[in-house]
Structures are given as structure tokens and as C-alpha cells.
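Right, one structure below, let's go through it.
The sequence lines fix the lettering, A, B, ..., with proteins before strands; numbering per chain opens at 1. Every value quoted in this text rests on a predicted model; they were computed, and no experiment measured them.
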Amino acid sequence: MNGKCWKYGDNVNTDGIIPARYLNTTDVKELASHCMEDIDPEFVKKAGEGDIIVAGDNFGCGSSREHAPISIKAFGISCVIAKSFARIFFRNAINIGLPIFESEDAGAEISDGDEVKVDINSSKITNLTTNKEYSFTPFADEMKDIIQAGGLMEYIKANY
Amino acid sequence: MGMTITEKIISAHSGLQEIRAGQFVYADVDICLGNDITAPIAIEQFERLGIDKIFNPDGVVLVPDHFTPNKDIKSAQNAKLLREFAQKHRIKNYFEVGRVGIEHALLPEKGIVVPGDLVIGADSHTCTYGAMGIFSTGVGSTDLAACYATGKVWLKVPETIKFVFNGKLNKWVSGKDLILYVIGDIGVDGAGYKAMEFSGPVITDLSMDDRLAMCNMAIEAGAKNGIIEPDDCTEKYIKDRAQREYKFYYSDADCEYLGIHEYDVSTLSPQVALPNLPENIRPVEDLSDIKIDQVVIGSCTNGRISDLRIAAKILKNKKIDPSVRLIVIPATQGVYLEALKEGLIEIFINAECVVSTPTCGPCLGGHMGILAEGERALSTTNRNFAGRMGHPKSEIYLCNPAVAAASAITGKITHPEYID
Ligand code: SF4
């Protein structure tokens, strides 16, 4: 994964990622068109396919709405890097196959507009703009199984 | 070494004698809950699996409460999806509009969730039922779909932080104030991924409604679950409601806690959370001249009968300030009927409040009381993120029902003793 970063602060909440006024639909294209709307109304205009969202602590806090990671994934964001993720957002992202990486230093140091590369095999995040390298918290083996299957439903299909 | 109540319930549902915090398990689910926002995605996912049977129709609960009575055509389509899924799979715990209530008030009230259960819900406030000695946690729609198929959920066993409340609560101070105070103390991710276990003499004296309000907001500290060991209060609450057999679990004396927080709450006054995070806590008396446009009394936190009783006590024979709109939302049809019988609804209407049918409504900015740009609400709900109740540039202050009612009378944030 390789992309341009959009940087946000702590406690980015799911109401900001996808406001409740759009929760009357499950259409992924429509959800994508409102991605991050109440955090950054310009986001869908300026960000592009393959870009990366970087944030501080507790990214995705608040509601359990899967519409939040769905809108990010459907918009084409390649992954989210944060200092930490809120619990339900974390499991939703794993379950739907949106790559997310937890890294205290990367979440703190990467700036808006930086070009960043993530290598899952070597567990490395490289900031190509500053030439700095970071590692991210490894996933539990059981979570890797779900990620490798392509999400929880695919995992279930293969294992039940 | 012993186990915490949270570890014990998860272990009993994983077929394992003993489990430890940090362990990864696939646990059996007693009840899984979905609503009109989250269940549609789960149903679509489940149907794509091509399995024709759900794991156990009696373990599935569907509560269309967020945008109902259907606020627009798209919500109506989603509600229809739930209704048809319920019919197809013979799900008895589907609640049509005339029987519905806000999910986290409804499930305890009807005895659908019982002590000792392991409950998941595609709604973050599923942690509410911990008040009854249940392990319950919020998950996403895909988890729900997986549970429809397998009856199981993947979980990492959480570490537990214990919170002990000593002293005696002042008048007008409730479970809501205790949990706001804790969130103010530890922060919105202070219990991230952890279990919060509430105990101490103050909790022993607390009503079930107040305990439910406390565990409801465990998620606002980032917790996986909130939990209270069952006692006489739990027994009294559940014995005539339980739809199934229940079991009381307790933490062992030698169990391991990640940390223990002790509070003496004898001097605590009602707490208010300022925009835009539930951790921005101030005692109500520190706030003066904060004018409000709208007050909401309701939600899965504070829409139960005891909440309405407190509000009515303050509003009796009074009128709210003409510059304020006060929306009262009984959390369930049962609460609504009880409030009607007790004359509370009459008090609200005479005070010039509006009373709504049970719904989440304004709590998530859905309908029934959306804020305009620059407006400020005082609300008994649980989240005050920017724009949650409407326009991105509107504000929400959180409080208990007494503060909400008193403030509606004066038009600005007010300590209830001022009205009393
Ligand atoms: S009342 Fe509010 S917090 Fe509770 S379930 Fe409804 S939307 Fe969620």
C-alpha cells in the first residue's frame, strides 16, 4: 500500500465519519460520497483512491455503525493508521477487510500530505516524505486468520 | 487464581474451565440484537452466505427503534427488511411500532436478557445490560451476520478495571452523574477495550434504572463492557420478568484487576458534560448563564420511568421557559403507559413539553427534534459529539433528568435545588 496521507486528531468519532442523517441507506456508493463529512467537509473532494487516513488516539469512537468503515473502504482509502482505534471500529474494520494499523509514533509524526508506504509482510510503515520508518502493533493469530480470509463472512464460509 | 465476573461469564460460554484476560475465544451467544440501522447490513450479509436457517430464532432480537415510526422512504425500506426477515425466520422478538421501545430499555424490561447471559448487539450501547450481571457488548453488523449463522462471536477476553463508590449520594445526584464523573476522571478512552466493574455501597443502594444508566455509558469511556455483580436489587428486578432461567455470577475474591479506582462521592453534585466529548465534565453549579434552545429527556440512558418521575416532580405546576423546547421521550411503550397512569404525561403537557412516542429520534440526530445551526441542547442522552443531534455547528450538553427539567424552566443550565 502506497498513498498520500490525510491527517486528523484524536477521538475522530463515527458520527463525524458518517453522520446519522445518511444511516437510512446501506448503499456503499452513497455512504462513500459522505465519507468523513462532519470531520472534514472537503474530504471527498480532495482525497483520492488509494490515499491513507492518519489519526491520533481512539479513532472511530462512538457508535457501532459499520457504515463508518464501509464508507472509508468504499471511498477507496487504502488503509487507516492511528495511534489507537476504538474497540468496535477496530473489529468492524477487521471483519469487513479494511486494513488498519496501530502505531503510536506513526500516528503522531506523519503529517498531512506525506507519502506513506505500508508493507504488511514486514510490518513496516515508511514515510517516503521524511524517510522515517515505523512498526505497527501485530495482530493476534486469530485475527490474522480473519484478515487473510478477506473478512469474517469469508472466514465463516471457509470454516463452517 | 480466581476470575472476575466478566471472565466467568465468557468462560461459561466458551466451554473452557478457566480463561484469562487477553485470551482469544469464540463464545456462544445467548441473545444477539440488531436495530433498523445495523440489522439491514447484517441481513444482507447473512443472505449472501446462502444458509437458509439462523442459529436460533429465539436468540435473535430485532428492534426497529432509531428512525421509527419510519421517518422517510429509505428508513421504511430498512424497517420492511427487518419485518420480512423476522417473519421468514419466525423471530418472536421482533417489535413492531406499537410494541417497540428503545432497545436497551426494552430488552431488560421484557426480561429478554437475563443475568449470566452473554449478549452481543450491533449497537454500541449494548453494554447497558451489564447492570443485570450480564456480559454484553456492542459489535458491528458483520459480527451480527456471523452470529445469525453460527451463534458465536469472536472475543478477546478483556482485562477488568474496578470502580468502587463509597459515601452517600446527595439529592438530585444519580447513576448518570456517577458515570459522567468517572468518564471525566479517566477520559473517553480511559477504559479502552476493558471491562468496567462498578461496586461499593453506593452501587448497592442504586436502583436498577440508575445501574442501567451507568453501564450504558461504559462505551463512552471506550470500554468493552460495564458490569455490576448481581444482588437483591437484581433479583427483585428480574424475577417476574425473566423469559429464561438465569444465573448469578460473582467475581472471586482473588481475581485480578488491572486497576482499582475508589471514589468518595458524598460531595458530588450533578455533573454536566460540555461539548464535544463526554469527558468534558463540570459540576452543574460551575455553569452559569449557559442558555439553551432545546432540552431532551429520553434515550437508552435516561428514558426510564424513574427518570420521567424525577423530571415530572420538578416540572409539576410549572411552565418551561418560552424560549426553550422540551422533548420528553418515554423509552418504551411500557414506560409510556406507566407515565400515563401516574399522571406524569399530564404534568409534561401542562408544563408545555412535547411528549413523543418511544424512539431514539434526536439522540442520534435522526428525527423528532433536530438542531439548527448554532443551537444548543441540554440532553439526558449519552453522546455530545459535534453535530450528533443535527447541524454540525450545533452543541450538546449532557446531564441527568433533574438538571434537564430544572434548566428547561429557567432557560439556562440550572441546578435542580434552585427550582426545588
Ligand atoms: S437512544 Fe441514542 S444512544 Fe441509545 S440506542 Fe438510541 S441512538 Fe443509540
Nearest 0.5 Å please: distance from the CZ atom of A/Phe43 over to the CD atom of A/Glu37.
->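 It is 12.0 Å, given to the nearest 0.5 Å.
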Report the residue from B/Leu118, B/Ile120, B/Val119 that forms a side-chain contact (heavy atoms from CB on, under 4.5 Å) with B/Phe135.
-> B/Leu118
Can you tell whether the side chains of [X] and [Y] come within less than 4.0 Å, N to carboxylate O?
X	Y	result
A/Arg65	A/Asp15	yes
A/Lys117	A/Glu133	no
A/Lys7	A/Asp114	no
B/Glu395	B/Arg388	no

In terms of heavy-atom contacts, B/Pro278 and B/Ala273 come closest through O-CB, 3.8 Å
At a heavy-atom separation under 4.5 Å, does [X] approach chain B through its side chain, its backbone, both, or neither?
X	answer
A/Leu23	both
A/Ile39	neither
A/Asn95	both
A/Phe89	neither

With a 4.5 angstrom heavy-atom cut-off, which part of [X] approaches chain A: side chain, backbone, both or neither?
X	value
B/Ala42	neither
B/Glu44	side chain
B/Ile73	neither

Which one, [options], leads in non-hydrogen pairs under 4.5 Å with chain A?
options	answer
B/Gly365, B/Gly50, B/Ala145	B/Ala145
B/Thr137, B/Ile41, B/Asp36	B/Ile41
B/Ile370, B/Asp72, B/Thr38, B/Asn276	B/Asp72
B/Val139, B/Leu364, B/Thr126	B/Val139

Any side-chain heavy-atom pair from B/Thr150 and B/Phe55 closer than 4.5 angstrom?
-> no
Side chain to side chain, B/Val63 and B/Ile102, heavy atoms closer than 4.5 Å =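 No, their side chains stay 4.5 Å or more apart.
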Those residues of residues 185-195 of chain B, ordered by number, that approach chain A below 4.5 Å (heavy atom to heavy atom) |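 Near chain A, by residue number: B/Val188, B/Asp189, B/Tyr193.
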Side-chain donor/acceptor of B/Arg383 to backbone N/O of A/Gly62, under 3.5 Å =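 Yes; judged by distance alone, with no hydrogens or angles, the pair exists.
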Which residues pass the ring pair (Phe, Tyr, Trp, His ring centres under 6.0 Å) test with A/Phe136, sequence neighbours left out?
-> A/Phe101
